[in-house]
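Worksheet: one structure, shown below.
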Amino acid sequence: MILNVNFLFLAIIGMVLGIVIVLAGIFFILGASERVVDSVASGETGTLAIFIIFIGIIILGASVLGILSKKRSNFRCI
């Protein structure tokens, strides 16, 4: 019972962390430089933002998958 509660708690923390990381990546993209001179810095910021969003999606997906697999393992067919 305690193991199930700890697992659910960690999965929820992972979901929240994934959402926060995805939102941070979106803010990085929206805050990109608009000047032509800063095009190189803008490209680097955009690449970093996409990488951050990708990591956030992976964390979020792993948390959701963990919750779904745990719920399915509790289901018993008669």
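All values derive from a computational prediction rather than experimental measurement.
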For the atom pair CZ (Phe28) and CD1 (Ile50), what is the distance rounded to the nearest 0.5 Å?
-> 12.5 Å

Side-chain donor/acceptor pairs under 3.5 Å, residues 55-67, sequence neighbours excluded:
{"unit_1": "Ser63", "atom_1": "OG", "unit_2": "Met15", "atom_2": "N", "d": "3.4"}
{"unit_1": "Ser63", "atom_1": "OG", "unit_2": "Ile59", "atom_2": "O", "d": "3.0"}

Which atoms form the tightest heavy-atom contact between Ile52 and Ile21, and what is the distance?
-> O-CG2, 3.2 Å

